[in-house]
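Remarks on the structure that follows.
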Number of protein chains: 2
Amino acid sequence: MTSTQITHETTRKRLLEAAGQVFAQHGFEKATVREICRKANANVASVNYHFGGKEDLYAEVVAYGAQQSVEAFPPDRGLGPNPLPEAELNAFIHSFLCRFLKKNQRGSWYSTLCAREIVLPTRALDRVVREVIRPLSDRLEAIVRRLVPRASKLEVGRCARSIVGQCLFYHHGRPVIERMGGPKKYADADIRRLADHIARFSLQGLRGWKGRAA
Amino acid sequence: MTSTQITHETTRKRLLEAAGQVFAQHGFEKATVREICRKANANVASVNYHFGGKEDLYAEVVAYGAQQSVEAFPPDRGLGPNPLPEAELNAFIHSFLCRFLKKNQRGSWYSTLCAREIVLPTRALDRVVREVIRPLSDRLEAIVRRLVPRASKLEVGRCARSIVGQCLFYHHGRPVIERMGGPKKYADADIRRLADHIARFSLQGLRGWKGRAA
DNA sequence: TGACAAATCAAACAAATGTTTTAAACTATT
DNA sequence: AATAGTTTAAAACATTTGTTTGATTTGTCA
């Protein structure tokens with residue numbers, strides 16, 4: 001890689017990071033190319049030069065953010081070899097919460113962006129589902145299956161959604177939770193406790209499907 | 001009310017309904033007053049004349065939609081006198097799902113709008129939380145308390161959020177669920193089954209806090 | 001009926017914004 | 001050092017959009 005390409009990459013990267021913040025803060029429509037470029041110390045035309053346009057930049061940012069997010073908190077974090085499904089579930093839930101609630105050094109715009117994309121989907125969502133969400137979902141269903149081996153495929157899916165729903169609520173519902181007097185920040189210990197609660201609630205909930213066919 | 005005021009009211013109402021659809025479809029930013037007025041068979045200036053501006057119209061629409069939604073599906077629907085908390089929980093969950101999943105005659109833009117507002121909050125959210133969400137939340141916590149009387153206030157809150165999270169996931173996660181091969185439409189029987197699943201999962205989950213202090 | 005207010009309408013206004021253009025600066029290769 | 005290709009910069013462009021204006025119509029009441 002020549003040094004020309006290196007500076008190229010750095011402006012690209014600066015734009016990606018700046019765009020992530022601005023898109024997360026204002027949403028796609030209200031975010032302006034001008035603010036992004038100002039934040040990235042780049043010229044207004046640089047977005048069109050490097051990405052082709054605002055929309056393409058956005059798609060790039062979403063994919064970039066989702067991947068970074070999963071790599072930072074893999075769902076099997078801290079698990080030893082041959083883990084019990086109970087431990088796997090706990091790790092899955094904990095990593096899931098971390099992805100959204102932990103304030104990482106970057107400013108954690110990934111999660112906000114992802115939430116927006118889920119509720120207000122654009123073309124970028126298709127790629128995220130394919131590359132990030134689908135594998136995670138498959139993994140969770142495998143864990144659930146081990147916990148309730150007699151349940152039908154449909155029931156396993158429903159139970160998995162019950163678990164994911166609990167996690168995502170703390171993300172999607174954040175503005176509401178704050179306005180209801182809930183916490184604005186989550187320390188590591190808070191996230192740990194939350195994960196333990198959801199894991200306990202869910203393991204108990206799964207008991208309803210244990211040992212009986214659908 | 002004079003007939004002048006009646007026509008006034010009807011254009012107002014037409015604008016509210018049209019705006020609800022357009023805002024839900026495109027989001028606040030991308031929705032244009034021109035499209036709203038075209039849909040409402042009204043002049044471009046009518047939004048400013050009747051509401052003062054686009055933002056005020058939006059705030060009005062959000063509040064209007066949230067109220068209509070709860071009135072259409074009250075959380076105590078179909079309950080007899082002195083219901084068991086288990087039945088109350090089931091009714092609460094079922095009405096909650098209906099609010100978001102049932103396609104009502106209006107085109108059900110309420111729910112979409114509400115989801116947008118939760119993820120990308122504006123000033124309008126404060127009012128919705130105060131007037132609609134808070135009372136619903138209080139009701140749910142009261143039900144949960146009856147089911148786990150020994151649990152702490154914090155734990156009751158967490159359990160309530162676990163329940164709401166399961167319901168909301170089918171709303172917020174809809175674009176993802178569809179892309180994962182899930183259903184696009186929910187018939188009444190589907191909603192019923194879903195409610196039963198969530199109620200069962202949750203009642204089972206709550207057992208973890210039954211009969212023991214925090 | 002006639003006057004007054006409310007409502008509607010077509011047209012214009014003013015601001016913001018994504019994009020394009022054209023030239024300058026920079027980098028690497030010969 | 002010269003040149004070709006790449007990247008950056010400032011300014012202008014074209015379009016969209018919320019809002020305002022002033023005239024016109026509609027409805028009500030004396």
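We name chains A, B, ... by the order of the sequence lines, and we start the count at 1 in each one. Values in this document were obtained by computation on a predicted structure and should not be read as measured data.
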- Message: Go nucleotide by nucleotide along DNA chain C from the 5' end; which of A:Gly52 and B:Asn41 gets its closest nucleotide reached first?
- Response: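 The residue whose closest nucleotide sits nearer the 5' end is B:Asn41.
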Show me, pair by pair, the donor-acceptor contacts under 3.5 angstrom made by side chains of residues 27-39 of chain A, not counting sequence neighbours?
unit_1: A:Thr32; atom_1: OG1; unit_2: A:Glu35; atom_2: N; d: 3.1

- Scan side-chain atoms only and decide if A:Asn90 and A:Arg200 contain a donor-acceptor pair under the 3.5 Å cut-off.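 There is no such pair (donor and acceptor under 3.5 Å, judged by atom type) between the side chains of A:Asn90 and A:Arg200.
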- Could you tell me whether the side chains of A:Arg99 and A:Ser95 share a donor-acceptor contact shorter than 3.5 Å?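 Checked: A:Arg99/A:Ser95 side chains pair up, N/O donor to acceptor below 3.5 Å.
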Could you tell me the separation between the [atom1] atom of [X] and the [atom2] atom of [N], rounded to a whole number of Å?
X       : N      : atom1 : atom2 : value
B:Arg38 : C:dT8  : CZ    : P     : 18 Å
B:Asn43 : D:dG22 : CG    : P     : 16 Å
A:Arg14 : D:dT7  : CZ    : P     : 13 Å

- Task: Identify which nucleotide among C:dC9, C:dA6, D:dA10 has an atom closest to any side-chain atom of B:Tyr49, counting heavy atoms from C-beta outward.
- Result: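 The listed nucleotide nearest to B:Tyr49's side chain is C:dA6.
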- Walk me through it: do A:Phe23 and A:Trp109 pass the test side chain to side chain contact (heavy atoms under 4.5 Å, CB included)? CA-CA 8 Å; A:Phe23 280 137; A:Trp109 48 263; over 6 Å; no
- Keeping to residues at least two apart or across chains, list the salt bridge (charged side-chain N to carboxylate O under 4.0 Å, His left out) pairs with something in residues 40-66 of chain B.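 Every pair satisfying salt bridge (charged side-chain N to carboxylate O under 4.0 Å, His left out) with a residue in residues 40-66 of chain B: B:Arg12-B:Glu60, B:Glu55-B:Arg123.
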- Phosphate OP1/OP2 of C:dA7: any B:Ser46 side-chain N/O under 4.0 Å: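 False: B:Ser46 side-chain N/O out of range (4.0 Å or more) of C:dA7 OP1/OP2.
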- Considering just the side-chain nitrogens and oxygens of B:His50, establish if one lies under 4.0 Å of OP1 or OP2 belonging to C:dT8.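 It does, given that an N or O in the side chain of B:His50 lies less than 4.0 Å from OP1 or OP2 of C:dT8.
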- List the steps, then state whether side chain to side chain contact (heavy atoms under 4.5 Å, CB included) holds for A:Gln166 with B:Arg161. CA-CA 7 Å; A:Gln166 291 176 73; B:Arg161 283 193 282 277; over 6 Å; no
Polar-atom pairs under 3.5 Å, protein N or O versus N or O of nucleotides 14-18 of chain D: list them with distances, or write none.
unit_1: D:dG18; atom_1: OP1; unit_2: B:Ala31; atom_2: O; d: 3.1
unit_1: D:dG18; atom_1: OP1; unit_2: B:Lys54; atom_2: NZ; d: 2.8
unit_1: D:dG18; atom_1: OP2; unit_2: B:Val33; atom_2: N; d: 3.0
unit_1: D:dG18; atom_1: N7; unit_2: B:Arg34; atom_2: NH1; d: 2.8
unit_1: D:dG18; atom_1: O6; unit_2: B:Arg34; atom_2: NH2; d: 3.1

